[in-house]
Each structure stands twice: as structure tokens, then as C-alpha cells.
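The chains referred to below are lettered A, B, ... by the order of the sequence lines, with proteins before strands, and numbering in each begins at 1.
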Number of protein chains: 2
Amino acid sequence: MSAGVEWAIHCCVVLSQADGPVPAPRLAEFHGISRTYLAKHLQALSRAGLVSSTEGRVGGYVLTRPADRVTVLDIVLAVDGSEPAFRCTEIRQNGPLPAGPEACTRPCGVARVMHAAEQAWRASLKDVTVADLAESVTADVGAGTFPALRDWLAG
Amino acid sequence: MSAGVEWAIHCCVVLSQADGPVPAPRLAEFHGISRTYLAKHLQALSRAGLVSSTEGRVGGYVLTRPADRVTVLDIVLAVDGSEPAFRCTEIRQNGPLPAGPEACTRPCGVARVMHAAEQAWRASLKDVTVADLAESVTADVGAGTFPALRDWLAG
DNA sequence: GCATTCATACTCGGATATACTCTGTCCGAGTTCTGCAGG
DNA sequence: CCTGCAGAACTCGGACAGAGTATATCCGAGTATGAATGC
């Protein structure tokens, strides 16, 4: 899995606590990561419609939806792509003893199992929102975190 | 996800229905895939202890355990590695406003969510055995499939 | 006819090239703020 | 003092290299078979 997913999720949590638009370089500096590469992933979020970008001197990124309407799954799919991890190549239709296409009216058992597992994975990610993550931050490192963040963003 | 996972699973299903050892080239020919590359993945299964290899003229691969004791998760982890897909880099400890290591007594919320999703994925794969897959094959393409397979392997 | 020996053919296993995606970077297009000149 | 304008600085967006991993391949080590040979 792409490491940019982690960056994107953390950035969304920060954006949910910011008052106005936050530029990409500021987000990168806050997390101590590469400015230019983070910008690439933020572009992916923008293409997916999760964040809205404004240009100009006071521009930056803003969450388009309320934090409790943005799921972790949304972010993961936006950054890593929405294609399933497992792609069935139908090898049962190859070789000297093939199961003809007419006999394969539904996906083979292997594909069904992998698909079900991916659905379970997605369902688990869909249950958690950015708002939930923000709450967990305050629970983990203290309630003063986000006010300090806002101060740092303003200064 | 590696495409070799699909190959390995199908090969395990075939091995569960074979009477004796099956050589890697035979498995590759049956599925219409690369001989040498399949051999590499079978080596992974051998290292993981899922299959046992015998050399010599009548050698080949055999399942070490009964088919109903081999889960799809076992095969996936053997081929793709057992490391989790998501690796937390603890970027909350970076930047100008870091959450010190002393405040991070447990994994951050993001890591917890990703870990839970991966657990759900693994649990789903662990529920299905090679025996279940073999049963689904007979249900999908007919009961005469495996006898024909055994005939082809013998011939 | 039977045991022994040897050549052989077949198997697996690891070491070796290539293609593709992820990672990281750079520069151009566009927009807003700010300073200044003029009325 | 207010308004209009021009410049500049800052922003995003897409196009451009490098590294790591998945893909594909080859050849060497080892073993059971089978035939040939000697008794």
C-alpha cells in the first residue's frame, strides 16, 4: 500500500480542524514530509472531490464535506485508486483442459473469496470518519493539540 | 497484489485433487501460465511449509496438510509475505508541533483503523479452505472436472 | 535369472536480467494581495 | 482621502527523472528410474 495514504489521512484530519484554507507546503512542514510529493497526493484528493483547492496568495486546501461525512475509505480509494487489489485472470479457461467461457457464468471461487475479503476490508474502513480520527487524536495526545495546531497555522 | 497469488491458490486446489506428486511444469501447463515463474511461487509455498517437494524423476509437489486445513490466508501470506500492507511511519512525531514519543503510548488512530481493516480482510480469507474451493469448482463447472483432471495428470 | 553399477532423464532450488509502478522533483498557469500613482 | 492599476508573490496543476519491487528467465545441484553388465 502506498505510503501517501497515511499522509493523506493525517492531512484530512488537520484540514478538519483548520479554520481556513491550508496550503500544501504548510501541511508538509507540519508533518515533516516532502512538500512536492505531498502536493501530488493532495491533487488526487482534489480530483476525487474530497478537498477543494483555491489558488492565489491566501489559497490552499479545504475539506468539501463535513468531517463526519468523509470516511477513511474515501481517502484510501482516492489516493490508491478504486480498482480492487485482486484481479482475476481467469486461468481456469487456459491450458489443455479449459473450463469454457460458456461454463463460467459467474466468477470463479477464488475471485469470489478475494472479492469478499476486499469487501470486508472496505466495510471496515468505511465505518470510520475523519471526525472519529480527530476525536481519537484528542483522546491520545491531549485536548490542547488542536488549539495549538490552529495557532501554528495562523502564525 | 501479486498475480502469483491467484496461481498459487489454483495450484493448491489442483494438488488437493491429485493422487501423487505433481511437477511444477505440469501445473503450469495445466493453467496455461509461465513454467519458470510459477516455480518461483511454488518455492514460496514450500518455504512456508504448505507443500512438500520431492525431487527425482517422479517428484513434484504435494500438499503437506489435508485440504480442509489449508486456508486461503495461508497461501496469500506465503506468496505475498506476512507483513501488513499498511506501515505506520509515525509522522505525528515529526514537524514543528510533534507529539512526543512519550505521549504516543499506543498506535495512532490511523494505524489502528488500518490494522482493524487488515484484520477483517485476513479473517475473511481465513474462513475459506482449499477444500471449500474445490467444492465450488465442482458446483460451478461440473462434477466431472476433477476425474478428468486426474486422467490428464496420469496421462 | 539376479544383483550391482552406471548413465540418464527428470525434478527442485537459487542466482540472474527486465518492465513497471511508486517515490520524489521540477517548472509553468493562474489568482490574490499590496504598493503606488493619479484624481 | 479614495480609486484604479500594475507589479509581485504565492498558490495549484501537470509534466519530468530515479529507485524499488514484481515479473520473467536461466542454469546448476540432487535423486529416482531404467538399462546394461557381470556373476
Rounded to the nearest angstrom, tell me the gap between atom [atom1] in [X] and atom [atom2] in [N].
| X | N | atom1 | atom2 | value |
| --- | --- | --- | --- | --- |
| B/Arg26 | C/dC12 | CZ | C1' | 15 Å |
| B/His41 | C/dC12 | NE2 | C1' | 16 Å |
| A/Arg35 | C/dC27 | CZ | P | 13 Å |
| B/Met1 | C/dC20 | CE | C1' | 18 Å |
| B/Leu45 | C/dC12 | CG | P | 13 Å |
| A/Arg87 | C/dT21 | CZ | C1' | 15 Å |

Report yes if at least one side-chain N or O of [X] is closer than 4.0 Å to OP1 or OP2 of [N]; otherwise report no.
| X | N | value |
| --- | --- | --- |
| A/Tyr61 | D/dG13 | yes |
| A/Ser34 | C/dT25 | yes |
| B/Thr54 | D/dT31 | no |
| A/Arg47 | D/dG14 | yes |
| B/Ser53 | C/dG13 | yes |

Side chain of [X]: nearest nucleotide among [options]?
| X | options | result |
| --- | --- | --- |
| B/Lys40 | D/dT23, D/dT33, C/dT32 | D/dT23 |
| B/Glu55 | C/dT11, D/dA32, C/dT32 | C/dT11 |
| A/Tyr37 | C/dT23, C/dC12, D/dC12 | C/dT23 |
| B/Thr36 | D/dC12, D/dC26, D/dG30 | D/dC26 |
| B/Arg57 | C/dC12, D/dG14, D/dT33 | D/dT33 |

Self-check item: Earlier contact from the 5' end, DNA chain C, for A/Gly56 and A/Ser2
Solution: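 It is A/Ser2, whose closest nucleotide lies nearer the 5' terminus.
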Self-check item: Heavy-atom side-chain proximity of B/Val62 to B/Thr54 below 4.5 angstrom
Solution: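 No, their side chains stay 4.5 Å or more apart.
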Quiz item: Would you say the side chain of A/Gln17 lies within less than 4.5 Å of the side chain of A/Thr145, judging by non-hydrogen atoms?
Solution: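 Side chain of A/Thr145 against side chain of A/Gln17, heavy atoms only: no contact under 4.5 Å found.
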Quiz prompt | Test side chain to side chain contact (heavy atoms under 4.5 Å, CB included) applied to B/Val79 and B/Trp7, step by step | solution = CA-CA 10 Å; B/Val79 173; B/Trp7 300 4; over 6 Å; no
Quiz item: Are A/Leu50 and A/Arg65 close enough, and set up right, to give a side chain to side chain contact (heavy atoms under 4.5 Å, CB included), and what steps lead you there?
Solution: CA-CA 7 Å; A/Leu50 294 181; A/Arg65 280 181 274 167; 2.9 Å; yes
Quiz prompt | Check: D/dG14 base within 3.5 Å donor-acceptor of A/Gln43 side chain | solution =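 When only heavy-atom distances are counted, A/Gln43 does reach the base of D/dG14 through a donor-acceptor pair under 3.5 Å.
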Quiz item: Which residue, A/Pro25 or B/Leu38, contacts DNA chain D at a nucleotide closer to its 5' end, judged by nearest heavy atom?
Solution: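 Mapping each residue to its closest nucleotide by heavy atoms, the 5'-most match is A/Pro25.
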Quiz item: Which is true for A/Ala39 with a 4.0 Å heavy-atom rule: it touches a base, it touches only sugar-phosphate, or it touches nothing?
Solution: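 A/Ala39: no heavy atom of the nucleic acid under 4.0 Å.
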Exercise. Test side chain to side chain contact (heavy atoms under 4.5 Å, CB included) on A/Glu6 and B/Met114 and set out the steps.
Key: CA-CA 9 Å; A/Glu6 183 185 9; B/Met114 303 305 279; over 6 Å; no
